[in-house]
Amino acid sequence: GKRRLVGTINVRQTSATEAELGMFSVDPDVQGGGVGGRLLEAAELLACEQFGVQRLLMNVLSVRSDLLAWYSRKGYEATGITEAFPMHLTDKIGTPKQALEFSQISKTMRSLQ
């Protein structure tokens, strides 16, 4: 059968102990089917095994309470750090209909040893 891209995630090591997950997206047609969970688990495993990090960080739009709840069920917690939405990019991505900010979340990984 024909194969198609159904999700993306980026893993970027930011220090000896931390990595940032970003550009996490799952095709709406397959959301709710476990693709996102498997993609997140694979990214976490890669960050731990490849980079040896103990902590993962991610920024999520604070208005997406559904996503924040999903990440919470996956072991992520709010750090209390927020970041303004990049309004200088609105000519490329469109103007938000409401004020937006990112909430940073993190997960401390157990040792794989």
Side-chain angles (χ1 to χ4, degrees):
K2 191 173 182 180
R3 297 172 67 150
R4 68 185 182 103
L5 182 67
V6 294
T8 63
I9 193 165
N10 182 58
V11 182
R12 182 175 68 91
Q13 186 172 6
T14 54
S15 75
T17 59
E18 292 182 341
E20 184 177 79
L21 303 180
M23 304 304 288
F24 188 14
S25 176
V26 174
D27 183 329
D29 291 340
V30 298
Q31 286 179 0
V35 171
R38 289 193 304 272
L39 204 49
L40 183 60
E41 283 179 21
E44 291 172 348
L45 192 61
L46 177 100
C48 290
E49 289 185 347
Q50 204 82 15
F51 303 137
V53 301
Q54 288 97 44
R55 187 169 182 234
L56 300 173
L57 299 168
M58 195 178 329
N59 289 311
V60 181
L61 285 171
S62 58
V63 296
R64 292 296 310 271
S65 55
D66 56 329
L67 280 179
L68 290 167
W70 186 80
Y71 288 121
S72 177
R73 291 191 299 274
K74 301 291 183 187
Y76 287 81
E77 299 176 337
T79 65
I81 297 171
T82 59
E83 185 178 314
F85 186 81
M87 294 302 290
H88 65 282
L89 297 177
T90 56
D91 59 326
K92 293 179 177 62
I93 60 175
T95 303
K97 295 179 181 174
Q98 60 185 320
L100 296 176
E101 70 178 5
F102 290 101
S103 293
Q104 185 185 73
I105 58 176
S106 72
K107 180 175 182 177
T108 301
M109 303 303 291
R110 292 187 308 270
S111 174
L112 297 177
Q113 273 76 6

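One is the number of the first residue; the rest follow in order along the sequence.
Nearest heavy atom pair, residue A19 against residue V11, reads CB-CG1, 4.4 Å. In terms of heavy atoms, V26 sits closest to G36 at CG2-CA, 3.7 Å. Across all their heavy atoms, L56 and A47 have their closest contact at CD2-CB, 3.5 Å. The two residues S62 and L68 have their closest heavy-atom pair at O-CD1, 3.7 Å.
Distance check, rounded to the nearest 0.5 Å: CD of E101 to CG of L61 gives 9.5 Å. In this structure, CD1 in I81 is found 4.5 Å from CD in Q104, a value given to the nearest 0.5 Å.
A 6.0 Å sphere centred on CD of Q31 holds more than 12 heavy atoms belonging to other residues, nucleotides or ligands.
Note on ring orientation: taking the six-membered ring where Trp is involved, the planes of F85 and F102 are parallel (angle under 30°, cut-offs 30° and 60°).
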If you apply the rule side chain to side chain contact (heavy atoms under 4.5 Å, CB included), what do you find for F24 with L67, and how did you get there? CA-CA 11 Å; F24 188 14; L67 280 179; over 6 Å; no
Step by step, would you call K74 with I105 a side chain to side chain contact (heavy atoms under 4.5 Å, CB included)? CA-CA 11 Å; K74 301 291 183 187; I105 58 176; over 6 Å; no
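For E18, the salt bridge (Lys or Arg N to Asp or Glu O under 4.0 Å) partners two or more places apart in sequence, or in a different chain, are R55. Judged as a ring pair (Phe, Tyr, Trp, His ring centres under 6.0 Å), and not counting sequence neighbours, F51 has no contacts.
Both L39 and M58 are members of a single hydrophobic cluster when ILVMFWY side chains are connected at heavy-atom separations under 4.5 Å.
The side-chain heavy atoms of M109 and V53, taken from C-beta on, include no pair separated by under 4.5 Å. Proximity of Y71 to L21: side-chain heavy atoms (C-beta onward) are nowhere separated by under 4.5 Å. Within the 4.5 Å cutoff, the side chain of L40 has heavy atoms near those of the E44 side chain.
With hydrogens and angles disregarded, no donor-acceptor distance shorter than 3.5 Å links the side chain of S103 to the backbone of A78. Proximity of a side-chain donor or acceptor of S106 to a complementary backbone N or O of T79 within less than 3.5 Å is not detected.
A donor and an acceptor atom, one from each side chain of E20 and T14, are nowhere located under 3.5 Å apart.
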